[in-house]
Amino acid sequence: RPAGRRVACRPRRAPGRRRRRRWRAGSARPSSRVHAAAAVGDRFTFEPGGSPIFGYWDVRYLKRAIENVALNAVKYGDPVRRVTITARKAGKEVAISIHNEGPPLSARELETIFEPFKRVSTAENSSKTGWGIGLSLVKGVCAAHGGKVTVQSQEKTGTIFTLVIPIDARAQVARAA
């Protein structure tokens, strides 16, 4: 298995009458989580940061991390607002942001949100199920790529998760494997 594979982060035109932007990462086959994302219809908007971004990442795990945050945004965000995914290159790194509107996270919840088996109070008190391991997986994937994940949450602007990873993560991915 190669340590990292060069993949592009660029929009792709979906089949059908409507023009939509969808996430495309390498040639990985869609998972059931992708099909779950497709079930929410037009809730996702992808805003590429200009030209395609090429890099060396473990596409399976990076895709899983992005799917996890994006589906959490749909699950816990405002049910009628769009979820925006933005990718931009910043020097030798790429920043992938997932933004949704909905109830903000408290300062206490922001401190513990990436810990395993931790769920925020709104998730605990809702009928939505979950184990509380998804965001710790996202943090681990970013760390394995030599990057980090951050979160900002405010009443007026919503919640933004940002995954920052190096463009060339071959050395880090090989060490993590």
Side-chain angles (χ1 to χ4, degrees), residues 7 9 11-12 14 20-26 28-49 53 57-88 93-145 147-165 176:
V7 295
C9 175
R12 170 178 85 175
R20 257 186 249 175
R21 297 198 173 242
R22 292 189 183 199
W23 176 257
R24 180 177 179 204
R29 292 180 3 192
S31 67
S32 61
R33 294 175 63 85
V34 172
H35 296 297
V40 295
D42 292 332
R43 292 279 309 275
F44 291 102
T45 301
F46 180 62
E47 297 177 356
I53 302 169
W57 307 297
D58 188 322
V59 68
R60 293 176 307 155
Y61 290 111
L62 185 59
K63 183 177 140 224
R64 177 77 187 260
I66 294 167
E67 288 172 354
N68 187 287
V69 176
L71 291 176
N72 276 355
V74 169
K75 189 175 183 181
Y76 299 110
D78 188 322
V80 296
R81 299 286 187 142
R82 299 182 79 70
V83 174
T84 305
I85 303 173
T86 307
R88 69 187 186 314
E93 296 179 323
V94 62
I96 302 165
S97 299
I98 296 98
H99 173 258
N100 73 297
E101 296 180 31
L105 302 168
S106 70
R108 193 181 91 240
E109 290 171 333
L110 290 174
E111 292 174 8
T112 62
I113 198 165
F114 296 108
E115 292 179 14
F117 306 108
K118 290 284 185 174
R119 297 184 71 206
V120 297
S121 61
T122 54
E124 288 286 336
N125 298 328
S126 75
S127 62
K128 297 172 176 93
T129 60
W131 286 83
I133 59 175
L135 291 176
S136 63
L137 174 126
V138 171
K139 181 180 177 183
V141 167
C142 289
H145 281 82
K148 63 182 178 179
V149 60
T150 61
V151 60
Q152 301 170 348
S153 188
Q154 297 175 358
E155 183 83 35
K156 293 181 182 179
T157 58
T159 303
I160 303 170
F161 283 86
T162 304
L163 289 69
V164 180
I165 55 172

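- Annotation: side chain of V138 is in contact with side chain of L163 (closest heavy-atom distance under 4.5 Å).
- Residues L137 and R64 form a side-chain contact, since some pair of their non-hydrogen atoms from C-beta on lies under 4.5 Å apart.
- Distance OG1/T84 to CZ/F44: 10.0 Å, rounded to 0.5 Å.
- The minimum heavy-atom distance linking E155 with P104 is given by the pair OE1-CG, 3.5 Å.
- Separating the CH2 atom in W57 from the CD1 atom in I53 is a distance of 6.5 Å, to the nearest 0.5 Å.
- With rounding to the nearest 0.5 Å, the separation of CD1 in I66 from OH in Y61 is 15.0 Å.
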Next item on the list: Show your reasoning for whether side-chain contact (heavy atoms from CB on, under 4.5 Å) applies to V164 and V149.
Entry: CA-CA 6 Å; V164 180; V149 60; over 6 Å; no

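- Looking at heavy atoms from C-beta onward, T86 lies out of side-chain contact with I96 at the 4.5 angstrom threshold.
- In this structure, Q152 CD and T159 OG1 are separated by 10.0 Å, a value rounded to the nearest 0.5 Å.
- Here the CD atom belonging to Q154 is positioned 8.0 Å from the CD1 atom belonging to I160, to the nearest 0.5 angstrom.
- Between the side chain of R43 and the main chain of P79, a donor-acceptor pair closer than 3.5 Å is present.
- Not a single side chain to side chain donor-acceptor pair (under 3.5 Å) links E93 to another residue, sequence neighbours left out.
- Under the 3.5 Å distance criterion, the side-chain polar atoms of H145 are left unmatched by any main-chain donor or acceptor of L62.
- In this structure, the side chain to side chain contact (heavy atoms under 4.5 Å, CB included) partners of S106, at least two apart in sequence or on a different chain, are R108, E109.
- Across all non-hydrogen atoms, the minimal contact from F114 to K139 is CB-CD, 3.7 Å.
- Nearest approach of G77 to N100, heavy atoms of both residues: CA-ND2, 3.1 Å.
- Within 6.0 Å of CZ in R81 there are 12 or fewer heavy atoms belonging to other residues, nucleotides or ligands.
- By the side chain to side chain donor-acceptor pair (under 3.5 Å) test, R88 pairs with no residue at all, sequence neighbours left out.
- Counting heavy atoms from C-beta on, the side chains of I85 and T45 never come closer than 4.5 Å.
- Listed by chain and residue number, T162 satisfy the side chain to side chain donor-acceptor pair (under 3.5 Å) test with S97 (two or more places apart in sequence, or in another chain).
- The two residues I113 and F161 have their closest heavy-atom pair at CD1-CZ, 4.0 Å.
- Side chain of S153 to backbone of L105: a donor-acceptor contact under 3.5 angstrom is found.
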